[in-house]
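No experiment lies behind these values; they were computed from the predicted model shown. Below, read A as the first sequence line, B as the second, and so on, with proteins coming before strands; counting in each chain starts at 1.
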Amino acid sequence: MSQLVTGVERSEASTVELAPEPLPAPQPGHAPESELLRFAAVGSVDDGKSTLIGRLLYDTKQLFEDHIEALASASRRRGAGEMDLSLLTDGLRAEREQGITIDVAYRYAATPRRKFIIADCPGHLQYTRNMATGASNADLALVVVDASVGVRDQTRRHLCIAAILGVRHVLVAVNKMDLVGWDPSAYQVVAEDLANLSSLLGVKSLQAVPVSALDGDNVAERSQNCPWYSGPTVLDALHQADAGVWSHEEDGSGGARLPVQIVARRPGGGRCYSGLLSGDRLAVGDEVVVLSSGLRSRIAEIWGLDGPKERAVPAESVSVTLADDLDVSRGDLIAARDGAPHPVRDVEASVCWFGQDPLRTGGRYRIKHTTLLTRAEVIAVDGRLDVSDLRLVASDQLADNEIGIVRFLTAAPLAVDPYRRNRVTGSFIVVDEVTNVTVGAAMVGRPHVAG
Amino acid sequence: METGFRVAPARRLGHLDVLESHAVFVIREVAAECERPVLLFSAGKDSAVLAHLAYKAFSPSPIPFPFMHVDTGDNFDEVIDFRDRRVSQLGADLVIASVQQSIDAGRVADPGAGASRNRLQSVTLLDAIALHGFDACLGGARRDEDKARAKERVLSFRDTFGQWDPRRQRPELWQLYHGKVNRGEHLRAFPLSDWTELDIWSYIERESVELPSIYFAHRRRVVERDGMLLAVSPSLPPRRGEPVEDALVRFRTVGDATCTGAVRSQARNVAEVIAEVRSTRVSERGATRADDKVSESSMEDRKREGYF
C-alpha cells in the first residue's frame, strides 16, 4: 500500500465560502445563442439528488402544466404528500416503484443566461456504470449530500469518479439543512470534507451551498433560514461556472485533434476527411501530421457544415483536405504538428470497471479509441484505488465498480494524449468481445491522486 | 483549487452549433460503423430536422442509407405529400413499412374502424428491420419528450426480440458510440437526444428547414375528445352526437392521424410558432398525443415492445 497524496496544498481548500465575482454586463453584438452547461447530479442514494433537480426545474418554471398535474396525481397515489419532486426524473416504472434512480435521466432547462443539460445520476453502488455515463460528458458535478448524515463512502466514490472523468468544477449542495435546524457547523463539516477531497483529486474549483431541496431554500431562491451564508444559490453557481465545451481545453493548449470519421471523394478529385474537432482551433495552412503513419502535410481547405471556412473551432464537425495526397482512413488522427502524440501500443490508463467478470491480467478485449476499433490485452494491473482514503492498493484485478491503473498492449498503435490534456484523444472504452457490452472506461495516464 | 466559480469567459460555439455538430457526429459514426443503417422518416418536424442533418453530414456526397416510413395507413395527406417531395429532393431511397400489410399477413389484428393503429407500428417496424437486415435505425426522438425517453442512450441497444431493457442499458461514455451488434440485434440511434422542442424550432428557423403545412395554423374540422382536438377523417369519424367544429389549429407533433391532437393556434409561420412554443405551459406530447395518456408508463411499455 502506498500513500499517494503528495504535494497538495490543503490550505487552498480551507475556505469554502467566497463571494462570487459580479457577472459581466451583456456585451452588444455578442453571439445571440446562449451557452450550454452540462452538469451531472451525483451523490449517495437518498441524499436527494432527484428532489433537488425537480426543485430546480420547478422553481425556474421549466415544467409544463401537464407534467405538474401528472406529478401531483402520482404523488397522491403514492401517499407522498402534495408533490414529490423526485418523481419527475425517475422515469422508469421500476424506479418509481422502488423510489430509487436506476439510470441517468437527462433533463433540460433554460434561463435567459444559459442552457443546461442535466444528468440526474443514480446513487446506488450497483448502478455506478450509469453514474459514470452521466458524468463523462459533464462540465460540472453537482454533489448532493444529506447534512444530517454527512459524507458517505458512496459520495466519495462519486466525487472520485467524477474527478477522474475530468469534471473540473464541483458544486456541493449540502441538502436537508432543515433536518439539522440550519446549523452552520453541519454545513461546514460537509463543505470542508469535500473541499479537501476535491483538492486532492485535482478539481479546479468548488462551491458549497447549504440547501433544502424539499422547501426550495437556496436552490433558485435565497433562503431566509441561514443569515450566516452569503454565497450563491445553486442556480447562481450554475450560472457562474465555466461552461467549457466538455472535451476541449479552455486555453487551447491541447493542440488541434481531428479523428477521421469518414473519408469522402471530392467531386473535382481528391479526398476529404470528416470528423469532430477537439483540442484547439484549426486553420487553413496549419501544419499537421497524420497518425499513426506519421506523414506530414498542411490543411488545404476546411468545410464547416455551411461551406468553406478559414478556421474551425473545437466541438465543430468539419471536413478538411490536405495539401498532399496521403493514405488516410477512418481511425487515423489528423493532429497539429506541434505537440502531436506519438502512437504507442503500450498504454497506461486509469480504468473504471463495469464488467460482471473482473478485469484480469491476460484478459483480451475490443477497444474503441476515437474512431479506431482495435483489440487489447491487459498486461498488468498496477493497483486499485481505495476511494475511502484515495490510496492505491495492490491488486491484480478490478471488480465491478472498482477504479484502478491498468497497462494495456494494443493490436494497433494508438495516438493518445494524456486524458488531462484532451478528453477525446485521452480516452477509450473497453468492450466485451462476445456481447459487445462496454465494460470499462479508460483514461490515459494516472489520476491526479496517483500521479 | 479555487473556491467559488470564476465567471465564465465567452465561448466560441453557441448551443445550437454544438447540438448540430454533435448530431452530425453521431450520424457519421452510425454510417461508418453499422452495416445497414436506415433513417426513420415520419415526415414530422424532428425527422425533417434529422434528414436535414443527414444531408449536411455527407454533402456533397449522397446520404448513404435509405429512409423508412412506418405507415399506419391513417395519414394526413399533407404529410405524405411532403414525405415524397422531401425524399426525392434528397435523392434518398424510401422503404415503406405498412401496418396494413402486417394486418393482411395476420401479424397483427386489425383494431377495427375508428381505433388507433399506432401501437401496431412496433410489429411492422420490427418485421421491416428483420426483412431488410437493418442493424441501426436513426430516429428523431428527443429526451425532453417523455420521462422514459429521458433515460435512453444516444445509441440504444435492442435485443433479438427488438426489445429495450431499460434496467440493463449499456454504459455510454463520452462520445464513444460503438455500433457493433450481433446478428439479429440492432441499435436505435438518436442524434437529437439533447435537443429540446424549442431547439428544434430555432434550428428550423435558422436553417429554413421545410415542414408539412399542418405544423402551421389552418382551418380544420375537429372534434374534442379526451381533452384533445382530433382531426375528423375517414379513419376518425365523429361519434354519435359529437359536435364537429371548424377551428383554427396547428399540430405540434405529427404521428398517426388517429391519435395526434391539434392545438388551437394562430401561428402561421416559424417565428410565430417559436413565440408560441416559448410561452406554452403544456408539453408537446401532453397537448397532442393520446397514446401517452394511457398511463404513467405508456411510453416505457411501448418502447420495451420495440416502439420507436
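In terms of heavy atoms, Ile262(A) sits closest to Ala32(B) at CG2-CB, 4.0 Å.
Distance alone, capped at 3.5 Å, places no donor-acceptor pair between the Arg423(A) side chain and the Asn137(A) backbone. Under a 3.5 Å cut-off, the side chain of Glu172(B) and the backbone N or O of Leu155(B) do form a donor-acceptor pair. No side-chain donor-acceptor contact under 3.5 Å links Asp139(A) to the backbone of Leu37(A).
Taking the side chain to side chain donor-acceptor pair (under 3.5 Å) definition, one finds that Thr196(B) meets it with Asp199(B), sequence neighbours left out. Remark: His52(B) pairs with Tyr203(B) by the ring pair (Phe, Tyr, Trp, His ring centres under 6.0 Å) rule, at least two apart or across chains.
For Val431(A), the part lying under 4.5 angstrom from a heavy atom of chain B is the side chain only. For chain A, the nearby part of Phe58(B) is the side chain; its heavy atoms alone come within less than 4.5 Å. Tyr106(A) touches chain B through backbone and side chain together, each having a heavy atom under 4.5 Å away. Looking at Pro60(B), the atoms closer than 4.5 Å to chain A (heavy atoms on both sides) all sit in the side chain, from C-beta outward. Neither the backbone nor the side chain of Ser202(B) comes within less than 4.5 Å of any heavy atom in chain A. Residue contact with chain B, scored on non-hydrogen atoms closer than 4.5 Å, involves the backbone of Ala442(A) exclusively.
Chain A forms more heavy-atom pairs under 4.5 Å with one residue of Phe25(B), Tyr177(B), Phe157(B) than with any other, namely Phe25(B). Considering only heavy-atom pairs separated by less than 4.5 Å from chain B, the leading option among Leu305(A), Val318(A), Leu165(A), Val439(A) is Leu305(A). Ranked by heavy-atom pairs under 4.5 Å with chain B, the list Ala264(A), Gly134(A), Gly304(A), Ser274(A) is led by Ser274(A). When Leu198(B), Asp194(B), Leu53(B), Asn182(B) are compared by the number of non-hydrogen pairs under 4.5 Å with chain A, Asp194(B) comes out ahead. The greatest number of non-hydrogen atom pairs below 4.5 Å with chain A, out of Glu207(B), His22(B), Glu29(B), is found for Glu29(B). Your options are Ser317(A), Gly275(A), Ser427(A), Ser319(A), and the one with the most heavy-atom pairs under 4.5 Å with chain B is Ser317(A). Each of Arg330(A), Gln261(A), Arg129(A) has some count of heavy-atom pairs under 4.5 Å with chain B, and the biggest count is that of Gln261(A). Between chain A and the options Val24(B), Val181(B), Leu19(B), Leu173(B), the largest number of non-hydrogen pairs under 4.5 Å is found for Leu173(B).
Considering only heavy atoms from C-beta on, Arg158(B) comes within 4.5 Å of Trp164(B) through its side chain. Side-chain contact between His15(B) and Phe116(A): absent, with no pair of heavy atoms (C-beta onward) separated by less than 4.5 Å.
More than 12 non-hydrogen atoms from other residues, nucleotides or ligands lie less than 6.0 angstrom from CD of Glu205(B).
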